[in-house]
Amino acid sequence: MSATIAVTAEPPRDCPLCPRLVAYRAENQAANPDWFNGPAPSFGDPNARLLVAGLAPGRTGANRTGRPFTGDHAGWMLYDTLIKTGFARGKYEARPDDGLILTDCMISNAVRCAPPGNKPETSEEAACRPFLTARLAALPRLKVIVTLGDVARRNVLRAIGLKASAGAPGHGSEFDAGPYRIINSYHCSRLNTNTGRLTAAMFEDIFRRARAVIDT
């Protein structure tokens with residue numbers, strides 16, 4: 001960590017904590033000055049009972065548009081599923097001004113800045129974790145966290161103050177962690193959906209289960 005800053009639920013636009021990610025932001029800013037090129041803020045309902053936790057923004061997704069899962073392949077499946085399961089309304093059009101509204105749901109990432117090769121380093125995960133902890137604490141009605149992939153699951157557990165091994169890995173794993181119910185899903189990445197590792201029906205089942213837990 002190269003600097004210290006006040007920790008809030010959302011990092012500042014010029015967050016200096018991770019030198020490699022700061023350099024990558026500058027590289028993208030130079031090449032694409034009209035992109036967002038900053039820590040992608042969380043998106044959704046401040047009174048959400050559901051948080052969807054991803055790992056990090058994609059370079060041409062949230063790093064470009066400034067909204068999580070917006071503009072890349074994963075967003076189409078995620079937002080379509082949230083609409084189908086009642087956690088969003090409107091129409092997703094892969095741009096932040098499409099008017100889509102999340103209801104009882106918020107989306108955030110464990111690492112807020114796009115990493116080279118879509119792979120944050122463990123030190124970057126650790127540096128950004130206080131923001132995730134603060135994000136969780138700032139959701140007064142939060143009940144369920146859907147983690148997209150096991151790296152996101154481990155980061156959420158650590159953000160709660162638990163060991164990364166505190167909950168079982170794998171698609172559909174479900175367990176209590178602190179005051180929350182964690183439900184883990186395969187990530188809705190192009191690789192997972194194109195290979196059939198994650199189908200639309202499998203993904204919908206995760207959010208229908210989240211809805212059932214929330215409504216009990």
Enquirer: Please check: side-chain N/O of His171 versus main-chain N/O of Tyr186, any donor-acceptor pairing under 3.5 Å?
Expert: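 Yes; at least one donor-acceptor contact below 3.5 Å.
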
Enquirer: Given side chains that start at C-beta, do those of Thr103 and Arg89 come closer than 4.5 Å, heavy atoms only?
Expert: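 Result yes, sub-4.5 Å side-chain heavy-atom pair found.
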
Enquirer: Does the Ser185 side chain pair with the main chain of Leu148, one donor and one acceptor, at a distance under 3.5 Å?
Expert: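 No: the side chain of Ser185 does not pair with the backbone of Leu148.
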
Enquirer: Taking the side chain from Asn28 and the backbone from Asn37, do they hold a donor-acceptor pair closer than 3.5 Å?
Expert: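 No; judged by distance alone, with no hydrogens or angles, the pair does not exist.
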
Enquirer: Drop me the distance from Cys128's SG to Arg135's CZ, to the nearest 0.5 angstrom.
Expert: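 It is 12.5 Å, given to the nearest 0.5 Å.
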
Enquirer: Which heavy-atom pair separates Gly170 from Asp150 by the least distance, and what is that distance?
Expert: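 Between these two residues, the closest heavy atoms are N-OD1, 3.2 Å.
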
Enquirer: Test side chain to side chain contact (heavy atoms under 4.5 Å, CB included) on Ile83 and Thr81; report intermediate values, then the result.
Expert: CA-CA 5 Å; Ile83 292 169; Thr81 301; over 6 Å; no

Enquirer: Is there a side-chain contact between Asp104 and Arg211 (heavy atoms, below 4.5 Å)?
Expert: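 Yes, side chains in contact.
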
Enquirer: Are the side chains of Cys188 and Leu198 in touch, meaning some heavy atoms are under 4.5 Å apart?
Expert: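 Heavy-atom side-chain distance check passes, below 4.5 Å.
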
Enquirer: Is the shortest heavy-atom distance from the side chain of Tyr92 to the side chain of Asp80 under 4.5 Å?
Expert: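 Result no, sub-4.5 Å side-chain heavy-atom pair not found.
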
Enquirer: Distance-only, no hydrogens or angles: does the Arg153 side chain make a donor-acceptor pair with backbone N or O of Gly167 under 3.5 Å?
Expert: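 Yes; judged by distance alone, with no hydrogens or angles, the pair exists.
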
Enquirer: So if you build clusters from Ile, Leu, Val, Met, Phe, Trp, Tyr with side-chain heavy-atom gaps below 4.5 Å, do Leu132 and Leu55 land together?
Expert: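 No; Leu55 is not reachable from Leu132 via cluster members.
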
Enquirer: Please step through side chain to side chain contact (heavy atoms under 4.5 Å, CB included) for the pair Arg59 and Arg64, ending with a clear verdict.
Expert: CA-CA 6 Å; Arg59 175 180 174 272; Arg64 176 174 62 84; over 6 Å; no

Enquirer: Just how far is it from atom CD of Glu27 to atom CG of Leu21, taken to the nearest 0.5 Å?
Expert: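 If we round to the nearest 0.5 Å, Glu27:CD and Leu21:CG are 11.5 Å apart.
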
Enquirer: Cluster question for you: counting only ILVMFWY and a side-chain heavy-atom cut-off of under 4.5 Å, with indirect links fine, are Met202 and Tyr79 together?
Expert: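 Yes, same cluster.
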
Enquirer: Can you tell whether the side chains of Asp98 and Arg95 come within less than 4.0 Å, N to carboxylate O?
Expert: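 A salt bridge is absent here (no side-chain N lies under 4.0 Å from a carboxylate O).
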
Enquirer: Could you tell me whether a side-chain N or O of Arg141 sits under 3.5 Å from a main-chain N or O of Pro46, the two making a donor and an acceptor?
Expert: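 The answer is no, because no donor-acceptor pair under 3.5 Å joins these two groups.
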
Enquirer: Should Asp215 and Lys143 count as side-chain neighbours, where that means a heavy-atom distance under 4.5 Å?
Expert: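 Heavy-atom side-chain distance check fails, nothing below 4.5 Å.
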
Enquirer: With a 4.5 Å cut-off on side-chain heavy-atom distances among I, L, V, M, F, W and Y, is there a chain of contacts connecting Val146 to Ile160?
Expert: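 In one cluster with Val146: Ile160, no.
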
Enquirer: Go through the steps for Met106 and Asp45 under the test side chain to side chain contact (heavy atoms under 4.5 Å, CB included), then give the verdict.
Expert: CA-CA 5 Å; Met106 180 172 280; Asp45 184 349; 5.8 Å; no

Enquirer: Counting C-beta onward and ignoring hydrogens, is there a side-chain heavy-atom pair between Ser42 and Phe131 closer than 4.5 Å?
Expert: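 Not in contact.
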
Enquirer: Check whether any side-chain heavy atom of Arg25 sits under 4.5 Å from a side-chain heavy atom of Pro39, and report yes or no.
Expert: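 Yes. Closest side-chain heavy atoms under 4.5 Å.
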
Enquirer: Output the distance between atom NE2 (His187) and atom OG1 (Thr193), rounded to the nearest 0.5 Å.
Expert: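 With rounding to 0.5 Å, NE2 (His187) is 10.5 Å from OG1 (Thr193).
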
Enquirer: Would you mind telling me which of Leu142, Val156, Leu157 makes a side chain to side chain contact (heavy atoms under 4.5 Å, CB included) with Tyr180?
Expert: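 That would be Leu142; it is the only one of Leu142, Val156, Leu157 passing the side chain to side chain contact (heavy atoms under 4.5 Å, CB included) with Tyr180.
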
Enquirer: Show your reasoning for whether side chain to side chain contact (heavy atoms under 4.5 Å, CB included) applies to Leu78 and Ile107.
Expert: CA-CA 10 Å; Leu78 176 58; Ile107 302 173; 3.8 Å; yes

Enquirer: Would you say the side-chain atoms of Thr216 pair up with the backbone N or O of Val213, donor to acceptor, closer than 3.5 Å?
Expert: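 Flag set: sc Thr216 to bb Val213 pair under 3.5 Å.
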
Enquirer: Measure the spacing between SG of Cys105 and CZ of Arg49 and express it to the nearest 0.5 Å.
Expert: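 Going from the SG atom of Cys105 to the CZ atom of Arg49 covers 11.5 Å.
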
Enquirer: Same cluster or not: Leu51 versus Leu102, using hydrophobic residues (I, L, V, M, F, W, Y) connected whenever any side-chain heavy atoms lie under 4.5 Å apart?
Expert: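 Hydrophobic grouping puts Leu51 apart from Leu102.
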
Enquirer: Answer whether the closest heavy-atom distance between the side chains of Ile183 and Ile145 falls below 4.5 Å.
Expert: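 Counting from C-beta outward, Ile183 and Ile145 never come under 4.5 Å.
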
Enquirer: Taking the side chain from Thr65 and the backbone from Thr70, do they hold a donor-acceptor pair closer than 3.5 Å?
Expert: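 The answer is yes, because a donor-acceptor pair under 3.5 Å joins these two groups.
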
Enquirer: Closer than 3.5 angstrom, by distance alone: can the side chain of Ser173 be matched with the main-chain N or O of Ala168 as a donor-acceptor pair?
Expert: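 Yes, the answer is positive, given that a donor and an acceptor are paired below the 3.5 Å cut-off.
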
Enquirer: According to a 4.5 Å side-chain heavy-atom criterion applied to Ile, Leu, Val, Met, Phe, Trp and Tyr, with indirect links allowed, do Phe36 and Val22 form part of one hydrophobic cluster?
Expert: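 Hydrophobic grouping puts Phe36 apart from Val22.
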
Enquirer: Roughly how far, to the nearest 0.5 Å, is the CG atom of Leu17 from the CD atom of Glu124?
Expert: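 So the gap between those two atoms works out to 10.5 Å.
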
Enquirer: Do the side chain of Asn47 and the main chain of Pro140 share a donor and acceptor less than 3.5 angstrom apart?
Expert: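 Side chain of Asn47 to backbone of Pro140, a donor-acceptor pair under 3.5 Å: no, none is there.
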
